[in-house]
Amino acid sequence: MLDIQLLRTQLDAVAARLATRGTVLDVEGFKVLEEQRKQLQTRTQDLQAKRNSLSKQIGILKGKGEDVAPVMAEVASLGDQLKADEDSLAQLLTRFNAFVAVIPNLPHASVPLGDDERGNVEVLRWGTPKAFDFAVKDHVDLGSALGGLDFETATKISGSRFTLMQGAIARLHRALAQFMLDTHTTEHGYREVYAPYLVNPDSMFGTGQLPKFEEDLFMVPRSDGTKLYLIPTAEVPVTNIVRDQIVAAERLPLKFVCHTPCFRSEAGSYGKDTRGMIRQHQFDKVELVQLVRPEQSWDALEQLTGHAEAILQMLGLPYRKMALCTGDMGFSSAKTYDLEVWLPAQNTYREISSCSNFEAFQARRMQARFRNDAGKPELLHTLNGSGLAVGRTLVAVLENYQNADGSVTVPAVLRGYMGNLERISAA
RNA sequence: GGAAGCGUGGCCGAGCGGUUUAAGGCACCGGUCUUGAAAACCGGCGACGUCGCAAGGCGUCCGUGAGUUCGAAUCUCACCGCUUCCGCCA
């Protein structure tokens, strides 16, 4: 959520910056709402003040044993107007909050301008794609020939966009997640977290998935009429650890790493990446989350992105780092780097990690604060990034480490997690 | 699922219809004392919103939401959560 004071005092500047990301702010609509709010709130509070002081008088008069009837009559006359005003103010504030809740974050000044993914800027490129002297297979052909990737059976069990893994490939998938968790906890200073996969609407609001993106989520209705949602990323439960909290300054920065499955309905992506496990309803991801003092968040973004890059480097997977442009960033983000891994079968780089600084946008929605040096509560800055998407990393390993005979070499750093297996071959 | 108890500021904890402006303590900040520190003593110290150039004023908040009342932390109802006991259970 944006700071409402900022909207009030610099409305045109906010609208201009939002326009760079393709968001049209209803400036006139806001002005009208704000004008009504101001008038109604002032009037309501005046009436409340009057009621309070008269009621207090009644208490004092009664204590002295004097007649309170005249004052009672006076305060009674306020009643109807006050109640009406309180009701309409509550309604107006609901509308006001709904208006603000769907405004995306402001892009940081360093974010390149652009309308869509074509405006993204390559920041760096690491590694050289291997030159194969045979016709490369994609992960679907490799995996099914190895007897470990089975999309048909997954479709029978659940439907499209699900994967069934078995044997050495399932183990490789697990090895990747373990390797990432171990690296981030032992080398990058993150604390391991196990978190719920189902969360309540307040948590989804806190990180910005609700109210605007409900169609991207799997919702689970409950018999008592409430709802839970399957997490689309561990960002949601982990960032919400600090919701409605004032964190002691000396505990900062908080750095968490969490491995979870992620569930996305992929509404609106019909026909996109239908082959293989690039775009699934369920996939595993190791997520990095940092909660930091505001003045540290931009350094933290560079570090966090570096932590995700380290995994790709240790796996020897060529990648490039993209600074997303204003038009391609997510709703809550002030700045995002995407890491794109080289996929030989697609002859291109594909997203495998997304690292963002949200500044105070999520913290304001969550009321996540710390006590600053002046002793006052101040909003935290929140960041997160994939470190990495496990399913896509599996795809990248299969394709980049394939051999002419259809076997796949196990990257050296994973062998300890694979019983020292060096190569996955058809059984 | 059944029964009982409990949800109060950063933390602990009192208050159970009107001088509550939420006691007291801890923590924290400032001061006195001290070579310095600790202790002791003195003082300060909630959040959010809103009006105002400012000084400051006003409003809301005692798990959440409705209600009773001129007035609710306090009374009523519903819900949520926690604790304990019983039942069931990986």
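In what follows, chains are A, B, ... by sequence order, proteins preceding strands, each numbered from 1. Values below: all heavy atoms of this structure, side chains included; hydrogens, waters and symmetry mates excluded.
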Of the listed nucleotides ([options]), which one gets closest to any side-chain atom of [X]?
X        : options             : answer
A:Lys38  : B:G52, B:A47, B:C70 : B:G52
A:Arg37  : B:C51, B:G59, B:C70 : B:C51
A:Gln45  : B:C51, B:A47, B:G49 : B:G49
A:Ile58  : B:G18, B:G67, B:C51 : B:G18
A:Met72  : B:C70, B:C51, B:G49 : B:C70
A:Pro377 : B:U50, B:C48, B:U21 : B:C48
A:Val75  : B:C58, B:C70, B:C51 : B:C70
A:Ile246 : B:U50, B:G67, B:G10 : B:G10

Rounded interatomic separation in angstrom, taking [atom1] from [X] and [atom2] from [N]:
X        : N     : atom1 : atom2 : answer
A:Leu89  : B:C51 : CG    : C1'   : 14 Å
A:Gln41  : B:C51 : CD    : P     : 7 Å
A:Lys227 : B:C79 : NZ    : P     : 21 Å
A:Lys50  : B:C58 : NZ    : P     : 15 Å

Side-chain contact, heavy-atom cut-off 4.5 Å: A:Leu291 with A:Pro253? no
Side-chain heavy atoms of A:Lys212 within contact of A:Phe331, under 4.5 Å: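 Sidechains of A:Phe331 and A:Lys212: in contact.
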Just to be sure I understand the rule, does [X] reach a base, reach only the sugar-phosphate, or reach nothing, if contact means heavy atoms closer than 4.0 Å?
X        : value
A:Asn52  : sugar-phosphate
A:Glu86  : nothing
A:Lys376 : sugar-phosphate
A:Arg43  : nothing

Suppose you measure atom [atom1] in [N] against the same atom in [M]; what distance do you get, rounded to whole Å?
N     : M     : atom1 : result
B:U64 : B:U8  : C1'   : 15 Å
B:G36 : B:C51 : C1'   : 49 Å
B:U74 : B:A38 : C1'   : 43 Å
B:A27 : B:U84 : C1'   : 31 Å
B:G59 : B:U19 : P     : 14 Å
B:A23 : B:C6  : P     : 23 Å

Measure across A:Ala175 and A:Met418 and return the closest heavy-atom pair with its distance rounded to 0.1 Å. CB-SD, 3.8 Å
Quick check: A:His108 with A:Trp298 (ring centres under 6.0 Å apart)?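 Ring-ring flag for A:Trp298/A:His108: true, centres closer than 6.0 Å.
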Within the supplied structure, the quantity of interest is the number of heavy atoms (other residues, nucleotides, ligands) at a distance under 6.0 Å from A:Gln39 CD; does it exceed 12? no
A:Arg264 charged N/C atom sitting above A:Phe218 aromatic ring, 6.0 Å / 45°: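 No, a cation-pi geometry is absent between A:Arg264 and A:Phe218.
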